[in-house]
2 protein chains.
Amino acid sequence: MKEQEKISKEQLILEAAEQEFFIKGYDGARTTSIAQRAGVTHAMLHYYYRTKEQLFERIIEKNAKTIAETMLAAMGNPTMPIVERLKDGVSAHFDLVATNPLLPRFFLNEIIARPERYNLLYDKMKSIAGVLFASMQCEIDAAAKRGEMERVDIRMLLMSTLSLNIFPFIIHDFAQPVMGDLMADREQFIQQRKAENVETIMRRIKKM
Amino acid sequence: MKEQEKISKEQLILEAAEQEFFIKGYDGARTTSIAQRAGVTHAMLHYYYRTKEQLFERIIEKNAKTIAETMLAAMGNPTMPIVERLKDGVSAHFDLVATNPLLPRFFLNEIIARPERYNLLYDKMKSIAGVLFASMQCEIDAAAKRGEMERVDIRMLLMSTLSLNIFPFIIHDFAQPVMGDLMADREQFIQQRKAENVETIMRRIKKM
DNA sequence: TTTTGCGTTAACAAAATTGTTAGATAAAAT
DNA sequence: ATTTTATCTAACAATTTTGTTAACGCAAAA
């Protein structure tokens, strides 16, 4: 009967840690503050996770897959024709970011502050990206030749996609009070923003 | 004759602090590390600036004007016709960001971690933005009615502009090794990216 | 019932980080 | 030359943050 509470306490710390780390980063997070947030003494945190460092690792592990999936999503569904594939990429990437709105800023900050820590994930990305970029560029060039779309550099286009999809979530809290009613209803804003980004990218590749 | 060195030492600390704060943020920065970077003992840092907090304030003060100017720049030159004005806004904003590539991420992180600290700058922004948004929207609607451009929400368009202009600099170091030769020559990349962003926004508002 | 082991707490210890001070040194002023 | 002032250093002190431990309770197993 204590089994449920036990799981719950360990879990509570993990969830509190994620909140704290996502908002304040590794350096800004305080183990006591995490414990407080979770409603336990800070000795408990050390009991379950030993060190701040190890607790942090758990949070990274828990989110590494999401990070990788999100980036991949931006490349769209490879079975679709390239124009639809790009559109699908913007849309799918946006959805994943919207589901994990704090993750990109957190991850980018950590990787900038301590790049050496993420060599694993990083090297994998490089090799995957190289291949994917090449094949997508090839398809783009072919489609452009057929007059189906503008010829663009896939890397520039993906950079635009990531920018448009991620940045609004980074500035969300900052922008909200400035934007009048635009962001008052979160769900509605997210929906509008997604449409805006798809439209922006589609227009960018439209043959003119 | 020591006069030059004196200025230089105090100055060295300030510059080292800016580097450290910009990369690691307030919490990640270490006063000893700043001192080391500046080539002085950390007692010197306290001698000149008393506390880490006060040193940080100096960095904020030094950059507050740039932050405000950059945001304003995105709204373009008010004397121009709206379509050109928007184009000018993208371009001018990009240039300012490119000149201070670390500033946006730093500032956004700080304002997210400690929003209460920036109420002054923030309230000012809100009141200015409200007026500017309204007048620009008005011009856009008029131009749209004349068939000169697509009707768009100025707030969405500005959000896109900021996203496209700022985010590439946030991911710069992360993206560079992934992007093949695209970012090898920094100056060239910046120039290309600027053109890309202008093109993207111009296509977004083009009447179709 | 005793034992075993996990969960818990409070108090403590260690480490990391920031901040201070007394006095040395050099420069400037009188 | 002497006083005064600013700069600087090394050693130390304070504070903050992280991590440990000893003892206790309690539930389940033996």
Side-chain angles (χ1 to χ4, degrees), chain A residues 1-62 106 109-110 112-114 116-117, chain B residues 1-62 106 109-110 112-114 116-117:
Chain A
M1 61 191 66
K2 197 95 193 257
E3 194 60 21
Q4 292 141 0
E5 275 182 36
K6 181 174 57 185
I7 293 173
S8 154
K9 260 202 173 174
E10 191 170 347
Q11 194 62 25
L12 277 176
I13 295 173
L14 209 63
E15 283 161 20
E18 184 165 294
Q19 285 179 38
E20 179 100 358
F21 281 133
F22 275 18
I23 296 170
K24 309 211 176 181
Y26 181 83
D27 292 312
R30 295 286 167 254
T31 54
T32 49
S33 166
I34 292 171
Q36 208 174 341
R37 212 186 268 258
V40 304
T41 66
H42 87 280
M44 276 293 86
L45 181 149
H46 290 290
Y47 174 71
Y48 283 116
Y49 301 99
R50 198 74 184 169
T51 66
K52 178 181 180 181
E53 185 75 24
Q54 283 180 47
L55 177 53
F56 183 77
E57 299 280 353
R58 295 287 288 272
I59 302 297
I60 293 290
E61 280 167 32
K62 196 181 148 207
F106 164 74
N109 280 335
E110 293 302 327
I112 288 168
R114 290 187 163 97
E116 67 283 3
R117 249 192 190 170
Chain B
M1 60 191 65
K2 198 96 194 255
E3 193 61 21
Q4 291 143 1
E5 276 183 35
K6 180 173 58 184
I7 293 174
S8 155
K9 259 202 175 174
E10 191 171 348
Q11 194 62 26
L12 276 175
I13 295 173
L14 208 63
E15 283 161 20
E18 185 166 292
Q19 285 179 37
E20 179 100 0
F21 281 133
F22 274 18
I23 296 171
K24 311 213 176 179
Y26 182 82
D27 292 311
R30 296 287 168 254
T31 55
T32 50
S33 166
I34 292 171
Q36 208 174 339
R37 210 186 269 257
V40 303
T41 67
H42 88 280
M44 275 294 86
L45 182 149
H46 291 290
Y47 173 70
Y48 283 117
Y49 299 100
R50 196 74 185 172
T51 67
K52 179 181 180 181
E53 185 75 24
Q54 283 180 48
L55 177 54
F56 183 76
E57 300 279 355
R58 295 286 288 271
I59 303 298
I60 293 290
E61 278 168 33
K62 195 181 150 209
F106 164 74
N109 281 334
E110 293 303 327
I112 287 168
R114 290 187 164 97
E116 68 282 2
R117 252 193 188 169

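Here is how names work: the chains are called A, B, and so on, in the same order as the sequence lines, proteins then strands, and each is numbered from 1.
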Please report, rounded to the nearest Å, how far the P atom of C:dT9 is from the CD1 atom of A:I13.
-> 10 Å
Verify the neighbour count for atom CZ of A:R50: are there more than 12 heavy atoms of other residues, nucleotides or ligands below 6.0 Å?
-> no
Rounded to the Å, how far apart are A:E10 CD and C:dT8 P?
-> 10 Å
Pick out the pairs of N or O atoms, protein on one side and nucleotides 24-26 of chain D on the other, that lie under 3.5 Å.
none

Who are the salt bridge (Lys or Arg N to Asp or Glu O under 4.0 Å) partners of A:R37, not counting sequence neighbours?
-> A:E20
Residue-phosphate contact under 4.0 Å: A:Y48 side-chain N/O, C:dC6 OP1/OP2 = no
Do B:R58 and B:Y48 come close enough that some side-chain heavy atom pair is under 4.5 Å?
-> no
Kindly say if A:K52 contacts the phosphate of D:dT17, meaning a side-chain N or O under 4.0 Å from OP1 or OP2.
-> no
Taking only N and O in the side chain of B:Y47, is any of them less than 4.0 Å away from OP1 or OP2 of D:dA6?
-> no
Any side-chain heavy atom of B:V40 sitting closer than 4.5 Å to one from B:L12?
-> no
Atom CD of A:E53 and atom C1' of C:dA15: how far apart are they, to the nearest Å?
-> 15 Å
Hey, is the side chain of A:R50 poking within less than 4.0 Å of OP1 or OP2 on D:dT18, counting only N and O atoms?
-> no
What residues, two or more places apart in sequence or in another chain, satisfy side chain to side chain contact (heavy atoms under 4.5 Å, CB included) together with A:E18?
-> A:F22, A:I59, A:K62, A:N63
By ring pair (Phe, Tyr, Trp, His ring centres under 6.0 Å) - contacts of B:Y49 (at least two apart) = none
Proximity to DNA chain C (any heavy atom under 4.0 Å), residues of residues 16-46 of chain B only | B:A29, B:R30, B:T31, B:T32, B:H42, B:A43, B:H46
Going by heavy atoms closer than 4.0 Å, what residues in residues 54-61 of chain B are next to DNA chain C?
-> none
Who passes side chain to side chain donor-acceptor pair (under 3.5 Å) against B:E110, sequence neighbours left out?
-> none
Determine, using ring centers only, whether A:F56 and A:F21 are less than 6.0 Å apart.
-> yes
Looking at residues at least two apart in the chain, or sitting in another chain, which of them share a side chain to side chain contact (heavy atoms under 4.5 Å, CB included) with B:Q36?
-> none
Mind listing the side-chain donor-acceptor pairs of residues 24-32 of chain B below 3.5 Å, one per line with the distance, residues two or more places apart or on another chain?
| unit_1 | atom_1 | unit_2 | atom_2 | d |
| --- | --- | --- | --- | --- |
| B:Y26 | OH | B:E53 | OE1 | 3.0 |
| B:R30 | NH1 | B:D27 | O | 3.0 |

Mind listing the closest non-hydrogen atom pair of B:L55 and B:A17 along with its distance?
-> CD2-CB, 3.7 Å
